[in-house]
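Accompanying notes for the structure given below.
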Amino acid sequence: MPGHKLGRGIPAEFQLNPTMLDLTEIPGMDDLHFPKEAIRDAQELAAKAFGAQKTYFLVNGSTCGIHASILAVCRPGDKLIVSRDSHKSVITGMMLAGVSPIYIKPHFEKQFEISGIAETDEIEKALRENSDAVGVLITRPNYYGICADLQSIVDITHSYGKIVIVDEAHGAHLHFNKSLPESAMKAGADISIQSAHKTLPAFTQGAYLHINPGRIDLDRLEFYLSSIQTSSPSYIIMTYLDIARAIMEKDGKRLLDTLLESIDWFKDSMRNAEGISVLSEKLIMMGKLDKTRLVINTKNIGKTGFEVERILRQEHNIQVEMSDINNIVCIATVADTKKDFESLSFAVNKLASRFKGLPPLADIMVRDMVIPKQGAALNEIRHGKAFKLKFKESCGRTSMSIITPYPPGIPAICPGEVISQDAIEYVNSIIALGGKVTGLSGDGEISIVL
Ligand SMILES: Cc1ncc(COP(=O)(O)O)c(C=O)c1O
């Protein structure tokens, strides 16, 4: 990302000079916070194109849409059922709103050692046990393109009279091709938040928030969207949200068909790459797969995803989206061409022959997600005091920090959770292997609840 891939996904007629778009709320330019003219029209066109009752343009990424959604739906002290593989914006949103999370542990996909779907049965159990919860927030697709069975989650959650919010940051393209898993709006979710900039030809920070009718108080939502977003929204970002909509509405199906053909070709070209496997729906135990997300497992060529990412960049001029210990992950969008897949295929095949015969990576490094013990409620600690402590000495303490290993950007320790020795070792192993961790100071310190 960004999904326009250096502008290649944007047709010539939409290659506009950004300095000529960078305007403000002068007459004729409308106002994102009180839209009555062009922005209202553009949002209405987006709602129609994405199958929503109403769509809001976001200029601060999915992050602000997630924050506003949680603030609009929950009141301090409310419970929200949340899949624990959430992005940190979900955790910070709950903290801002003073919400108590009921975490669901997602299924673990053993073969690729990655996080899988939030299971409907687990969500139903949480709904049964927490009749006072306001609703369910799940991430779908996850970073690896794996999609939970949203239709059944929506049906069950609605049967309990609760709200479904979908962090669809990685799924803005899903609506435009029937070979892909259905979009959150199609499945009947109440709110979906999509990072247009990740999978569509839109600019960084551009995102949409879509609504299905009935359960959401739009006045409250609009109040929070307006409070959280800048009073000087970028017309460059908004213009390209409109342009991305126009491209996908007019041509999305054909462009995605072509992309899926190239991806099929790529997967086929990996057949003889010894030690390499590419994630497919057949290889996951549960859920559906967004086929545009390429997850390439490198464990059996004896190289971590981090090392392969570095080699691809330095030796082949290919930048992947992310890597983890065993995999590299590429976001493919309608801006990618067959030539891009040929380059990737050439490079990965070359790696496979170069490292042939190396022993596979040991199994020791990846673990199933462990949900830490809750030491204090988010609502209690959000105004509380904290002190710093060396992370390696913090076992047994309650964290005030969000410790997020990248990839994949899913917090290993959230505020209010008790830090275990296992979590310390897991985070340190990611650092040692070349991953990045946010939430620790430069001196390796963590904030602890006083
Ligand atoms: C699952 C998920 N949700 C939300 C976000 C936040 O999106 P944005 O960067 O558009 O604010 C991300 C960003 O990586 C993400 O991966």
Side-chain angles (χ1 to χ4, degrees), residues 3-4 9-11 13-14 16 21 28-59 61-62 64-65 68-69 72 140-141 150-151 154 164-203 206-219 221-222 225-226 229 233 235 237-257 259 290 292 333-334:
H4 59 75
I10 298 175
E13 74 260 35
F14 293 132
L16 309 173
L21 298 175
M29 295 307 296
D30 209 357
D31 180 340
L32 178 66
H33 298 292
F34 304 97
K36 293 191 193 72
E37 308 167 275
I39 296 173
R40 182 200 57 195
D41 295 350
Q43 292 187 147
E44 283 177 6
L45 286 170
K48 193 166 145 274
F50 286 87
Q53 183 215 21
K54 201 163 171 65
T55 292
Y56 298 91
F57 284 0
L58 308 176
V59 293
S62 286
C64 73
S69 301
R140 176 192 183 271
L150 193 52
Q151 190 66 66
V154 167
V164 181
I165 304 173
V166 181
D167 174 353
E168 206 174 21
H170 292 271
H173 58 299
L174 295 181
H175 183 72
F176 296 96
N177 196 294
K178 290 205 163 56
S179 323
L180 299 173
E182 86 276 32
S183 68
M185 283 293 104
K186 185 91 195 293
D190 301 293
I191 303 182
S192 143
I193 305 114
Q194 301 176 328
S195 295
H197 66 98
K198 292 192 203 300
T199 62
L200 299 182
F203 273 29
Y208 306 109
L209 188 153
H210 306 296
I211 298 284
N212 261 327
R215 292 179 181 78
I216 304 300
D217 178 342
L218 297 185
D219 287 341
L221 178 68
E222 286 168 18
L225 282 174
S226 236
Q229 298 198 87
Y235 278 79
I237 294 172
M238 290 191 283
T239 303
Y240 277 95
L241 282 172
D242 192 33
I243 287 175
R245 184 274 309 156
I247 295 170
M248 296 310 284
E249 188 175 30
K250 178 163 168 276
D251 234 4
K253 183 189 172 303
R254 183 186 64 79
L255 291 168
L256 284 164
D257 277 344
L259 173 67
D290 165 14
T292 67
T333 74
V334 296

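All values reported here derive from a predicted model rather than from experimental measurement.
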Using modelled atom types only, decide if a donor and an acceptor are shared between the side chain of [X] and the backbone of [Y] within a distance under 3.5 Å.
X    : Y    : value
H4   : L200 : no
D190 : N212 : no
E37  : M29  : no
Q194 : H170 : no
D30  : R40  : yes
S62  : S195 : yes
Y56  : L221 : no

[X] versus [Y]: any side-chain heavy-atom pair under 4.5 Å?
X    : Y    : result
L225 : L58  : yes
V166 : V154 : no
F176 : D251 : no
L259 : N177 : no
P201 : T333 : no
L218 : I211 : yes
T239 : L16  : yes
T55  : L209 : no

How many angstroms lie between atom [atom1] of [X] and atom [atom2] of [Y], to the nearest 0.5 angstrom?
X    : Y    : atom1 : atom2 : value
L241 : I39  : CG    : CD1   : 10.5 Å
I193 : C64  : CD1   : SG    : 9.5 Å
I191 : S69  : CD1   : OG    : 4.0 Å
F34  : E222 : CZ    : CD    : 9.5 Å
M248 : H175 : CE    : NE2   : 10.0 Å

Assess whether side chain to side chain contact (heavy atoms under 4.5 Å, CB included) is satisfied between K54 and E44, documenting all intermediate values.
CA-CA 7 Å; K54 201 163 171 65; E44 283 177 6; over 6 Å; no
If I compare all heavy atoms of H33 with all of P35, which pair ends up nearest, and what's the gap?
C-CD, 3.6 Å
Atom of H210, atom of A52 and distance for their closest heavy-atom approach:
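Looks like CB-CB, 3.7 Å.
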Salt bridge or not between R140 and E182? Use side-chain N to carboxylate O under 4.0 Å.
yes
Presence of salt bridge, R245 and D242, under 4.0 angstrom
yes
Taking it one step at a time, do K186 and L174 satisfy side chain to side chain contact (heavy atoms under 4.5 Å, CB included)?
CA-CA 10 Å; K186 185 91 195 293; L174 295 181; over 6 Å; no
Strictly by modelled atom types, are S192 and E168 linked by a side-chain donor-acceptor pair under 3.5 Å?
yes
So, T292 versus H173: side-chain donor-acceptor pair below 3.5 Å or not?
yes
Fit a plane to each ring of Y208 and F50, take the angle between them on a 0 to 90° scale, and name the class: parallel (under 30°), tilted (30 to 60°) or perpendicular (over 60°).
tilted
Would a line drawn from the ring center of F203 to the ring center of H197 be shorter than 6.0 Å?
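Here the rings of H197 and F203 have centres that are no less than 6.0 Å from each other.
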